[in-house]
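To start, the structure under review is shown below, and the notes come after it.
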Amino acid sequence: MPVTFHTIPFWIIVGYYVIINVVLFAAMALDKSRAIKNRRRIPEKTMFLMAILGGGIGGLIAMYTKHHKTRHIDFILAFVFTAALHAFLCYMVMKHFIFIP
């Protein structure tokens with residue numbers, strides 16, 4: 001018995017999470033480059049807000065690929081918690097879009 005999705009809501013949700021994670025990754029990379037050059041930085045609250053909005057996975061990837069904020073336990077906890085929370089929320093939302101004919 002095949003499982004199918006309502007495709008439009010599925011791709012809207014996937015697209016949103018791809019965009020927010022890429023934006024947080026880019027913000028972390030930009031902040032790292034500005035930190036090296038001693039220039040104006042991106043506020044930490046902005047990065048936390050992007051994580052809360054769903055960018056936790058992008059933040060975690062940036063932390064370890066760009067070696068930025070890896071000693072800040074608050075960033076590690078926030079990114080891991082928000083990534084897990086949004087994975088759970090995606091599961092809960094997506095199960096309403098799945099139907100078995």
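From a predicted model like this one, the values you see are computed outputs, not experimental measurements.
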Checklist entry - How many angstroms lie between CD1 in Ile20 and CG in Leu49, if you round to the nearest 0.5 Å? => result 7.5 Å
Checklist entry - Among the clusters formed by ILVMFWY side chains lying less than 4.5 Å apart, do Val14 and Val22 turn up in the same one? => result yes
Item to check | Option passing side-chain contact (heavy atoms from CB on, under 4.5 Å) with Met28 (candidates Lys66, Met63, Met50) | outcome: Met63
Item to check | Interatomic distance, Lys69 atom NZ to Asp74 atom CG [nearest 0.5 angstrom] | outcome: 8.5 Å
Item to check | Same apolar cluster (I L V M F W Y, side chains within < 4.5 Å links), Phe48/Tyr64 | outcome: yes
Item to check | Contacts of Phe25 that satisfy ring-ring contact (aromatic ring centres under 6.0 Å, His included) - sequence neighbours left out | outcome: none
Checklist entry - Who passes side chain to side chain contact (heavy atoms under 4.5 Å, CB included) against Lys37, sequence neighbours left out? => result Ser33, Arg39
Item to check | Transitive ILVMFWY side-chain link Val18 to Trp11, under 4.5 Å | outcome: yes
Checklist entry - How far does CZ of Phe75 sit from NE2 of His68, to the nearest 0.5 angstrom? => result 7.0 Å
Next on the checklist: Counting only heavy atoms not in Tyr16 (residues, nucleotides, ligands), do more than 12 fall under 6.0 Å from its OH?
Outcome noted: yes
Next on the checklist: To check you understand the geometry: which heavy-atom pair defines the closest contact between Ile13 and Cys90, and what is its length?
Outcome noted: CG2-SG, 4.2 Å
Item to check | Atom pair CE/CG of Met92 and Leu89 - distance to nearest 0.5 Å | outcome: 8.5 Å
Checklist entry - Closest approach of Ala83 and Ile57, non-hydrogen atoms and distance? => result CB-CG1, 3.7 Å
Checklist entry - With the 4.5 Å side-chain cut-off for hydrophobic clustering, are Ile42 and Ile19 part of the same group? => result yes
Next on the checklist: Does atom CD1 (Ile8) have a neighbourhood of more than 12 heavy atoms from anything else shown, all under 6.0 Å?
Outcome noted: no
Next on the checklist: Treating Asn21 as the side-chain partner and Gly54 as the backbone partner, does any N or O pair qualify as donor plus acceptor under 3.5 Å?
Outcome noted: yes
Checklist entry - Should Val93 and Leu53 be counted in the same cluster of Ile, Leu, Val, Met, Phe, Trp and Tyr side chains packed under 4.5 Å apart? => result yes
Item to check | Contact list for residues 76-86, test side-chain hydrogen bond (donor to acceptor under 3.5 Å, both in side chains), sequence neighbours left out | outcome: Tyr17-His86
Checklist entry - Does Lys32 reach the main-chain N or O of His67 with its side chain, forming a donor-acceptor pair under 3.5 Å? => result yes
